[in-house]
Every structure is written in structure tokens, then in C-alpha cells.
Amino acid sequence: MQEKLSNRINNLATSQTLAMAAKARELRAEGKDVIGLSLGEPDFNTPDFIKDAAIQAINDDYNSYTPVDGYVELKDAIITKFKRDNNLTYTYPQIVVSTGAKQSLANVALAMLNPGDEVILPCPYWVSYAEIVKLAEGIPVEVSTTLESNFKMTPEQLEAAITPKTKMLWYSSPCNPSGMVYTKEELRALADVLAKHPDIIIVSDEIYEHINYIGGHASMAEFEDMYDRTVTVNGVAKAFAMTGWRIGYIGAPAWIARACNKLQGQVTSGANCIAQRAVITALEAPVSKISYMVDTFKTRRKLIIDLLNEIEGFETTEPEGAFYVFPNISSYFGKTIKGHTINNATDFSMFLLEEALVATVTGDAFGNPECIRISYAASEAQIEEALKRIKSALSE
Ligand code: PMP
Ligand code: GLU
């Protein structure tokens, strides 16, 4: 019966981050002690002051459909946040609240792309970008970057990737999976190229904005000449430890926001009412209220880099943001260890799962076949144990 499924779904790859997390869960259910470093999910609980706001919202009988694009009070909080943190001025018709930043991205793709439109994706990119673009019948155009350039796309690379069919550029900074952060100067250099191609729309995914170890978050929309053509995507999943609450949002030109609103109105309606009320409280809080989590990630970042440096064949950058390391492990290609022949990053990641009981994600999922992604949103004890196991499994 499989053939009865649509081409759309048959051509869609399963999310490899979620698939790896599911596999780790399965192995755990079989009694295996798997350490999950695959999913990009803070291991903190949602802060109490946010949980209290949700409880209050339930008791206050927030239970009806919300406006499709979000409560006005939440839009107020988002508008204030954009001004406070990013120096961006948005008005109500430019904001759309969605069921996670993932839906925000899918909305934009479905609202913007016609079959054959090209979307430039600097590699490595977040796992779902390419699939969302394909779902919307667009064509992902990958621009490879290297560890030597800290996984940053250069203006020359961007220029070379642009064709008459280029509709959009999508990137995340801080980047999932590489952890790189574009400086304002680097973004300006990319903007200078885009200025020569005024029809290209930019999607700037800033969901890791607050998880930044070098300071100085920059938004593409800050540049006056980019503001009217940039969709700024953000959400609360990462910095506020609210992955399951499912709230993301965009600040965008009103015509794009209107289109996303129309689409969402036919597909999901407004996001969950209780989660929206809780997010008002989250966004209104000073950023200092969540900085303890970022401080902890920073300590873990040092720990994991130090431990990785002790293992032969892991070449890595020092991530500047997010909570991932993205080491190049291609020196293992062509080798056989413990009976496993490793020809690519997927083989390597599966080897780590089977022989070290550590779940990671293959770089192929992010458009880079030489690396694997390791999430350090896990306790120090888990990180230490995981790296000990990896070292031991590879020592043969
Ligand atoms: N963008 C990036 C870069 C991400 O890592 C994630 C991970 N969840 C998302 C978007 C989607 O976020 P959400 O959980 O809000 O859908
Ligand atoms: N964004 C996280 C990750 O990259 C969560 C999983 C997902 O939404 O795909 O692991």
C-alpha cells in the first residue's frame, strides 16, 4: 500500500535528529545504557517562573482558540523583545506566532516557494531546512563550508551560488550544527552581495541567539537595506528550556507575515493558548534570568572540547554558540574497527551507537558528510562517560 502515499511524503526524509533520539530510546527500552547526545534539547527544566505563568493561565480559563497569529499581549512581548535584544522595530502585522520555530520555517517555505525556486543553504545547515524546502517544491542549493573557515560561508561563495532562480537564503546563527556565529561585519559582507540581488529573501534563524559564548548577536534585519526582505525566526525552545511547549515566532515584512497567517489559519490555527501565555512571561523576563543555563553550557563546551582533543581523529572548531560540536571524523573513513567498516559519517555514528552506546547524529543530515554532531546539552557526568566510551571503542 506504500505506493498510495503521495510523492510529497515518499520524497521526504525522516528527521534524522528525531530518528536518532527515537533509536536511543528504543535501545534504552531494551535495557541498554545509551547516552543520548543526539537531540538538541536542553536538559534543564522550564524555569519555575514560566511554569507558574502557565498554571495561572489555566486557572484564569485561557482555553479558547487564540488569534491565528498569536495573542496581542504575546505580540507585545515579542515586539519589545525584538527592540530590546536586536534593535529591530516590528509592528503587530509583522509578527506571527507558531507551533515552534519549525512551523515558522515551514510556513515561510510554503508561503514563498514555487516549484523550482532555489534556496541557498550554507552547509552545514539545520537538518530540517532542506526537507522543508523540498516539501514546498523548492530546490535546496548547498554551499559547502569547511572547518578551516569555521564553517562560515564567504561572500564569494554566496555570490557564486546565486542564479536567476534563487528565491531565498536560509541560515542559522548561532548555527545548528556547527556552533559558528556570524559577526555583524560578516553579515554585512553577505548583505553587500545580497544588495546586488534585491529579489532574494533572507531567512535568519536566530533561535540560539541567547546561547552565545562570544557575545554580540547580530541580526540580518538590523541592516536598513535588508530589513524589508528578511524574515527573522526565533523561539523559546532552546534558551528557555521549553522544547515541548512548541512556540516559535517570526518578525517579517507584513506581506510575508500575512501569507504565513493565512496558511496557518488553514492548517493549525493559533498555537497552544497556555503555552502562549507562558511565553509572554518568558520573554518579558530579563535575559539574566536564564543565563545560568548558558553558563552551564559554556562549562560543558570546554569539557567536551578538552575530551575530544584527547581522542585521535576528531578535528573540531571551538563552537561560539548553540550546544553542539561538529567534529570532522573523516580520518576514520576506510578503517575497520571491531568488525565495523567505516566508510562515511553515518557508519561512524552507527558505530558509536552500537559499540560505545552513545547517540550522535551523522553530518549527512546537515549536508556535511565528513562530520558528526554531538550535543552537549547533557550533564557533565554524561559527557565524561560518553567520551570515555568513545575513546575506548576507538582505541582498537
Ligand atoms: N531552527 C533551529 C536551528 C533549530 O535547531 C531548531 C530545533 N528545534 C528549530 C529551528 C526548531 O525549533 P522549535 O523547537 O521551536 O520548532
Ligand atoms: N533542533 C533540535 C535538533 O537539532 C531538535 C530536534 C528537531 O527538532 O529536529 O536536534
Side-chain angles (χ1 to χ4, degrees), residues 78 82 85-90 94-96 98 101-114 117-126 128-130 132-133 136 138-143 145 151-176 178 180-209 217-235 248-260 321 367:
I78 291 169
F82 271 133
D85 300 339
N86 314 108
N87 198 26
L88 294 176
T89 305
Y90 288 114
Q94 294 179 276
I95 306 290
V96 181
S98 298
K102 206 179 250 182
Q103 188 184 22
S104 303
L105 291 160
N107 281 347
V108 175
L110 290 164
M112 296 295 303
L113 294 174
N114 283 318
D117 284 345
E118 294 178 356
V119 179
I120 295 177
L121 304 179
C123 296
Y125 49 76
W126 179 48
S128 293
Y129 289 177
I132 290 174
V133 165
I139 300 174
V141 175
E142 298 185 353
V143 175
T145 64
F151 296 114
K152 290 182 178 181
M153 177 174 67
T154 64
E156 295 74 26
Q157 285 182 302
L158 173 60
E159 182 78 69
I162 293 172
T163 76
K165 289 194 167 165
T166 307
K167 186 78 168 268
M168 290 197 275
L169 160 68
W170 283 28
Y171 68 87
S172 61
S173 175
C175 175
N176 177 2
S178 72
M180 75 85 197
V181 174
Y182 282 122
T183 63
K184 192 161 183 180
E185 293 68 35
E186 286 161 347
L187 282 186
R188 184 61 250 178
L190 297 175
D192 286 343
V193 174
L194 295 163
K196 290 186 263 170
H197 304 274
D199 292 333
I200 298 175
I201 300 294
I202 302 115
V203 171
S204 170
D205 181 346
E206 303 180 14
I207 195 162
Y208 293 96
E209 170 187 8
H217 175 79
S219 299
M220 186 61 96
E222 275 179 84
F223 303 121
E224 224 173 290
D225 58 338
M226 295 294 123
Y227 177 81
D228 279 333
R229 43 192 291 209
T230 299
V231 179
T232 308
V233 178
N234 212 322
Y249 56 90
I250 57 167
W255 60 276
I256 297 180
R258 226 171 10 251
C260 292

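Nothing here was measured: the structure is a model prediction, and the numbers come from that model.
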May I ask you to check whether Tyr129 and Tyr171 place their ring centres under 6.0 Å from each other?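 No, the ring centres sit 6.0 Å or more apart.
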Under the ring-ring contact (aromatic ring centres under 6.0 Å, His included) rule, collect the residues that match up with Tyr208, sequence neighbours excluded.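 By the ring-ring contact (aromatic ring centres under 6.0 Å, His included) rule, Tyr208 matches Phe323, Tyr324.
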Which residues satisfy the ring-ring contact (aromatic ring centres under 6.0 Å, His included) test with Tyr125, sequence neighbours excluded?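 Listed in chain order: nothing, the list is empty.
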Any non-hydrogen side-chain atom of [X] less than 4.5 Å from a side-chain atom of [Y]?
{"X": "Leu194", "Y": "Leu158", "value": "yes"}
{"X": "Asn86", "Y": "His217", "value": "yes"}
{"X": "Ile207", "Y": "Trp126", "value": "no"}

side-chain contact (heavy atoms from CB on, under 4.5 Å) with Thr183: which residues, sequence neighbours excluded?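 By the side-chain contact (heavy atoms from CB on, under 4.5 Å) rule, Thr183 matches Glu185, Glu186.
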For Asn114, the side-chain contact (heavy atoms from CB on, under 4.5 Å) test, sequence neighbours excluded, returns Asp117, Lys167
So, the side chain of [X] versus the backbone of [Y]: is there a donor-acceptor pair under 3.5 Å, distance only?
{"X": "Gln94", "Y": "Ala252", "answer": "yes"}
{"X": "Thr230", "Y": "Tyr227", "answer": "no"}
{"X": "Tyr182", "Y": "Cys175", "answer": "no"}

Derivation of the side-chain hydrogen bond (donor to acceptor under 3.5 Å, both in side chains) call for Glu222 and Asn87: CA-CA 7 Å; Glu222 275 179 84; Asn87 198 26; 5.5 Å; no
Does anything in residues 223-232 form a salt bridge (charged side-chain N to carboxylate O under 4.0 Å, His left out)? List the pairs, not counting sequence neighbours.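 Non-adjacent pairs meeting salt bridge (charged side-chain N to carboxylate O under 4.0 Å, His left out): Arg188-Asp225.
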Salt bridge (charged side-chain N to carboxylate O under 4.0 Å, His left out) partners of Glu142, counting only residues at least two apart: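 Glu142: no salt bridge (charged side-chain N to carboxylate O under 4.0 Å, His left out) contacts found.
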CE on Met226 to OG on Ser219, rounded to 0.5 Å: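 One finds 14.0 Å between OG of Ser219 and CE of Met226.
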Could you go through the ring-ring contact (aromatic ring centres under 6.0 Å, His included) check for Tyr90 and Tyr249 one step at a time? CA-CA 12 Å; Tyr90 288 114; Tyr249 56 90; 9.6 Å; no
Given the rule in the side-chain hydrogen bond (donor to acceptor under 3.5 Å, both in side chains) test, do Thr232 and Glu206 qualify, once you have shown the distances and angles that lead to the verdict? CA-CA 7 Å; Thr232 308; Glu206 303 180 14; 4.6 Å; no
